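All values reported here derive from a predicted model rather than from experimental measurement. In what follows, chains carry the letters A, B, and so on, assigned in the order in which the sequence lines appear, proteins first and then strands, with residues in each chain numbered from 1.
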Amino acid sequence: MILPETFYTRNNVLNIAKDLLGKIIVTEINDIKTSGKIVEVEAYNGINDKASHAYNNRRTNRTEIMYCNGGVAYIYLCYGIHHLFNVVTNTKDIPHAILIRAIEPIDGITEMLCRRKMHQLKTTLTSGPGALSMALGITTNYTGISLQSNELHIEDRGIIVNDTDIVSKTRVGVAYAQEDALLPYRFYIKNNPYVSKGKGLE
DNA sequence: CAAACGATTTTCT
DNA sequence: GAAAATCGTTTGG
């Protein structure tokens, strides 16, 4: 089943992040379906989180989408090259978001290999936020789209992830966030080969 | 209007 | 392991 809006509008972004592990991201672009199981995420906890684009209640054209009611996509361009896919959570005017960092490919692997210009399946196909966005065909054009839509949504296919299989660590690439860089807001499934190699702080 | 800077990945040494 | 690639967003003048 497709996750309902109420999944996203809860107020604890950390719980939603953990709940996303084991869920399935599905894109259907030009009638081509691709999907993968979420194995790694990072939470961005709104206006008090120095690592968040919405820190200190900053509202700009780019961040405005994070102030929407939960359940929409926020995609932005990093380093001029990479499209990073986030899920907006919580209710209107509370800018929480969750970065999807890695998935395990399920459907449409041939198409994903093609989009990534690869010829055989390796973990690097979808290991890392920029890589999985390219594999699924997600670009900044999809910012603001509802996660109830055909083109892009997240499903529950009954996969259960035990708490004991969830690892929490510091986030990747956020050293500029000072003390908030130490928060354990990165979650991933233990021993899954598709989890990105990105290193957070210890 | 100009300039600096990434929630990264790939390639080269 | 180090560095380049590359451009929209943000910030400051």
Side-chain angles (χ1 to χ4, degrees), chain A residues 8 13-14 16-18 20-21 25 36 38-68 70 72-90 94-105 112-145 154 167-188 193-202:
Chain A
Y8 303 101
V13 70
L14 299 177
I16 302 173
K18 280 187 278 193
L20 279 173
L21 293 174
I25 303 182
I38 298 172
V39 299
E40 180 180 1
V41 297
E42 283 180 3
Y44 286 84
N45 194 22
I47 63 174
N48 296 315
D49 181 353
K50 291 185 180 177
S52 171
H53 292 158
Y55 173 62
N56 206 19
N57 212 33
R58 183 169 45 186
R59 297 183 86 122
T60 64
N61 280 339
R62 181 176 66 157
T63 62
E64 191 61 31
I65 199 67
M66 296 175 79
Y67 292 82
C68 287
V72 299
Y74 168 47
I75 298 119
Y76 90 101
L77 190 65
C78 185
Y79 293 95
I81 306 172
H82 306 289
H83 301 263
L84 271 56
F85 171 56
N86 300 251
V87 172
V88 175
T89 71
N90 215 308
I94 303 182
H96 289 183
I98 298 167
L99 170 69
I100 310 301
R101 288 195 55 85
I103 64 173
E104 178 180 318
M112 290 195 273
L113 288 171
C114 180
R115 286 180 183 143
R116 294 269 288 132
K117 296 191 165 56
M118 292 170 63
H119 292 294
Q120 66 181 61
L121 180 58
K122 300 183 215 164
T123 57
T124 52
L125 178 66
T126 53
S127 174
L132 75 88
S133 296
M134 180 178 291
L136 291 172
I138 296 172
T139 70
T140 54
N141 292 334
Y142 289 89
T143 274
I145 196 174
I154 302 180
V167 182
S168 57
K169 280 278 167 46
T170 58
R171 293 172 291 186
V172 175
V174 296
Y176 63 88
Q178 304 169 39
E179 72 273 15
D180 287 343
L182 299 173
L183 296 170
Y185 282 2
R186 175 190 184 204
F187 303 99
Y188 58 90
Y194 287 92
V195 171
S196 74
K197 302 297 182 284
K199 291 278 191 293
L201 303 174
E202 286 304 324

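On the nucleic acid side, DNA chain C contacts chain A at distances under 4.0 Å to non-hydrogen atoms, with the end points of that region at C:dA5 to C:dT11.
Phosphate contact (OP1/OP2 of B:dC5, side-chain N/O of A:Tyr79, threshold under 4.0 Å): absent. The phosphate of B:dT8 has OP1 or OP2 within less than 4.0 Å of a side-chain N or O from A:Arg101. Between B:dA7 and A:Tyr176, a contact under 4.0 Å exists linking OP1 or OP2 to a side-chain N or O.
A side-chain contact (heavy atoms from CB on, under 4.5 Å) with A:Ile47 holds for exactly one of A:Ile94, A:Asn56, A:Asn57; it is A:Asn57.
Under the 3.5 Å distance criterion, the side-chain polar atoms of A:Ser168 are left unmatched by any main-chain donor or acceptor of A:Phe187. At least one donor-acceptor pair under 3.5 Å links the side chain of A:Arg115 to the backbone N or O of A:Ala135. At distances below 3.5 Å, not a single donor-acceptor pair connects side-chain atoms of A:Thr63 with backbone N or O atoms of A:His53. The closest donor-acceptor contact from the side chain of A:Glu42 to the backbone of A:Arg101 lies at 3.5 Å or more, if one exists at all. Proximity of a side-chain donor or acceptor of A:Asp180 to a complementary backbone N or O of A:Lys50 within less than 3.5 Å is detected.
Going from atom CZ of A:Arg116 over to atom C1' of B:dT8 covers 11 Å, rounded to whole Å. For A:Ile81 and B:dC5, the CD1 to C1' distance is 14 Å, given to the nearest whole Å. Following rounding to the nearest Å, A:Arg171 (CZ) and B:dT8 (P) show an atom-to-atom distance of 11 Å. The CZ atom of A:Arg58 sits 15 Å away from the P atom of B:dC5 (whole-angstrom rounding). B:dG6 atom C1' lies 6 Å from atom OH of A:Tyr76, rounded to whole Å. Between A:Ile100 atom CD1 and B:dT8 atom P there is a gap of 14 Å when expressed in whole angstrom units. Straight-line distance from the CG atom of A:Leu99 to the P atom of B:dG6: 16 Å, rounded to whole Å. Atom CG of A:Asn45 and atom C1' of B:dA7 are 15 Å apart (whole Å).
A:Leu84 comes within contact range of the sugar-phosphate backbone alone, with a heavy-atom separation under 4.0 Å but no base atom that close. Note on A:Leu77: only backbone sugar-phosphate atoms sit closer than 4.0 angstrom, heavy atoms only; bases stay farther off. Nucleic acid contact class of A:Ala131 (heavy atoms, under 4.0 Å, all strands): sugar-phosphate only. Residue A:Arg186 is classed as having no contact, given no heavy-atom separation below 4.0 Å to the nucleic acid. Among the heavy atoms of the strands lying under 4.0 Å from A:Arg62 are primed sugar atoms or P, OP1, OP2 only; no base atom is included.
Between A:Val172 and A:Met118, the one whose closest nucleotide on DNA chain B sits nearer the 5' end is A:Val172. Take the nearest nucleotide of DNA chain B for A:Thr124 and for A:Ala54: the residue whose nucleotide is more 5' is A:Ala54.
More than 12 heavy atoms of other shown residues, nucleotides or ligands fall within 6.0 angstrom of atom CG in A:Asn141.
A search for salt bridge (charged side-chain N to carboxylate O under 4.0 Å, His left out) contacts involving A:Arg116 returns nothing, not counting sequence neighbours.
Side-chain atoms of A:Met118 and A:Thr124, non-hydrogen and from C-beta on, do get closer than 4.5 Å to each other.
Residue side chain A:His82 does not reach the base of B:dA7 through any donor-acceptor N/O pair under 3.5 Å, judged by distance alone.
Interatomic distance, A:Arg58 CZ to A:Met66 CE, rounded to the nearest 0.5 Å: 10.0 Å.
Secondary-structure annotation of DNA chain C gives the stems B:1-6 with C:7-12, B:8-12 with C:1-5, with a stem taken as at least 3 successive Watson-Crick or G-U pairs whose two distances both fall under 3.5 Å.
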